[in-house]
Amino acid sequence: QLQLLESGGGSVQPGGSLRLSCAASGFTLDYYTIGWFRQAPGKERERVSCLSSSDASTYYAVSVKGRFTISRDNAKNTVYLQMNSLKTEDTAVYYCAATPKQCKLLYSEYEYWGQGTQVTVSS
């Protein structure tokens, strides 16, 4: 069974950091493009970052560029999202998703999804 499992969410103050993990079971992540998405209450799910499987290209939403970093550890079959200088507007449920294709903007174009992990940034 192919599964993705996110972890690492929590509550932090503005300016703090968190590292989210996306661990795969049942398949090898390095053959897949991984996207990180987030969804805040009442808002659309948006892609915040993506790591391409073919050439390791990375993409970031303008709102997180320079603060978030996506990376992969093939030995652990895990993709990470390092989030620094967190802001209150980063509060959302964060999801990782996988596709065998190139980075896609829309969540509907990803085949496998995790269950999400809550990130709350509040003073």
Side-chain angles (χ1 to χ4, degrees):
Q1 186 175 2
L2 307 181
Q3 289 185 321
L4 293 172
L5 181 64
E6 302 97 336
S7 61
S11 295
V12 295
Q13 293 185 339
S17 298
L18 286 173
R19 188 178 76 160
L20 305 184
S21 299
C22 173
S25 62
F27 66 108
T28 302
L29 267 185
D30 53 339
Y31 296 124
Y32 285 79
T33 289
I34 302 300
W36 279 99
F37 290 76
R38 68 185 180 187
Q39 188 165 20
K43 294 190 176 181
E44 294 288 320
R45 190 171 298 190
E46 63 170 346
R47 191 187 74 180
V48 295
S49 186
C50 187
L51 176 59
S52 173
S53 61
S54 61
D55 59 3
S57 298
T58 56
Y59 299 88
Y60 297 94
V62 171
S63 58
V64 307
K65 199 167 188 178
R67 301 188 296 122
F68 290 12
T69 303
I70 191 170
S71 62
R72 185 197 302 267
D73 186 334
N74 290 338
K76 295 183 178 180
N77 209 26
T78 299
V79 171
Y80 302 99
L81 185 69
Q82 177 67 43
M83 305 187 298
N84 299 328
S85 302
L86 283 162
K87 304 176 180 180
T88 55
E89 52 263 42
D90 294 319
T91 295
V93 178
Y94 283 71
Y95 302 87
C96 65
T99 175
K101 305 173 185 178
Q102 297 301 303
C103 280
K104 301 294 183 181
L105 185 61
L106 298 179
Y107 66 86
S108 57
E109 297 189 81
Y110 290 74
E111 296 183 15
Y112 306 107
W113 284 88
Q115 84 293 344
T117 185
Q118 176 71 47
V119 171
T120 302
V121 185
S122 173
S123 56

Worked verdict on D30 versus T28 for side-chain hydrogen bond (donor to acceptor under 3.5 Å, both in side chains)
CA-CA 6 Å; D30 53 339; T28 302; 4.6 Å; no
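- If you take OG on S57 and CD1 on I70, they are separated by 11.5 Å, rounding to the nearest 0.5 Å.
- For the pair E46 and R38, the salt-bridge criterion is met [side-chain N within less than 4.0 Å of a carboxylate O].
- Q102 and S54 are linked by a side-chain donor-acceptor pair at a separation below 3.5 angstrom, with hydrogens and angles left out of the test.
- Residues S17 and Q82 are in side-chain contact: their nearest non-hydrogen atoms beyond the backbone lie under 4.5 Å apart.
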Give the intermediate values and the outcome of side-chain contact (heavy atoms from CB on, under 4.5 Å) for residues Y95 and R45.
CA-CA 9 Å; Y95 302 87; R45 190 171 298 190; 3.7 Å; yes
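- In this structure a side-chain-to-backbone donor-acceptor pair under 3.5 Å is present from T33 to K101.
- Atom CZ of F27 has more than 12 neighbouring heavy atoms from other residues, nucleotides or ligands inside a 6.0 Å radius.
- Clustering ILVMFWY residues whenever any of their side-chain heavy atoms sit less than 4.5 angstrom apart, transitively, puts F68 in a cluster other than the one holding Y80.
- With sequence neighbours excluded, the residues that form a side chain to side chain contact (heavy atoms under 4.5 Å, CB included) with S108 are L106.
- A donor-acceptor contact closer than 3.5 angstrom is absent between the side chains of T78 and D73.
- Within the 4.5 Å cutoff, the side chain of R47 has heavy atoms near those of the C103 side chain.
- For the atom pair CZ (R67) and OG (S85), the distance works out to 7.0 Å, reported to the nearest 0.5 Å.
- The neighbour count for E44 CD, taken as heavy atoms of other residues, nucleotides or ligands under 6.0 Å away, does not exceed 12.
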Could you walk me through whether M83 and V48 pass side-chain contact (heavy atoms from CB on, under 4.5 Å), step by step?
CA-CA 11 Å; M83 305 187 298; V48 295; over 6 Å; no
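- Both L20 and Y112 sit in one connected hydrophobic cluster of ILVMFWY residues. Membership requires side-chain heavy atoms under 4.5 Å apart, directly or through other members.
- Between Y110 and F37, a ring centre-to-centre spacing shorter than 6.0 Å is recorded.
- When the side chains of ILVMFWY residues are joined at heavy-atom separations under 4.5 Å, either directly or via intervening members, Y60 and Y94 end up in a single hydrophobic cluster.
- Under the 6.0 Å distance and 45° angle rule, R19 does not count as a cation-pi partner of W36.
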Would you sort out whether I34 and C50 count as a side-chain contact (heavy atoms from CB on, under 4.5 Å), showing the intermediate values?
CA-CA 6 Å; I34 302 300; C50 187; over 6 Å; no
Could you list the donor-acceptor pairs under 3.5 angstrom formed between side-chain atoms of residues 5-14 and any protein atom two or more places apart in sequence or on another chain?
residue, atom, partner, partner atom, Å
E6, OE1, Q115, N, 2.9
E6, OE1, G116, N, 2.8
E6, OE2, C96, N, 2.8
E6, OE2, G116, N, 3.4

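- In terms of heavy-atom proximity, S49 sits nearest to L81 at CB-CD1, 4.0 Å.
- One hydrophobic cluster, built from ILVMFWY side chains closer than 4.5 Å, holds both V121 and L18.
- In this structure, V79 is a member of the same hydrophobic cluster as L4, with clusters built from ILVMFWY side-chain heavy atoms closer than 4.5 Å.
- One N or O on the side chain of D90 and one on the backbone of K87 form a donor-acceptor pair closer than 3.5 Å.
- In terms of heavy-atom proximity, L29 sits nearest to A24 at CG-CB, 3.3 Å.
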Walk me through whether Y31 and S53 qualify under side-chain contact (heavy atoms from CB on, under 4.5 Å).
CA-CA 6 Å; Y31 296 124; S53 61; 5.8 Å; no
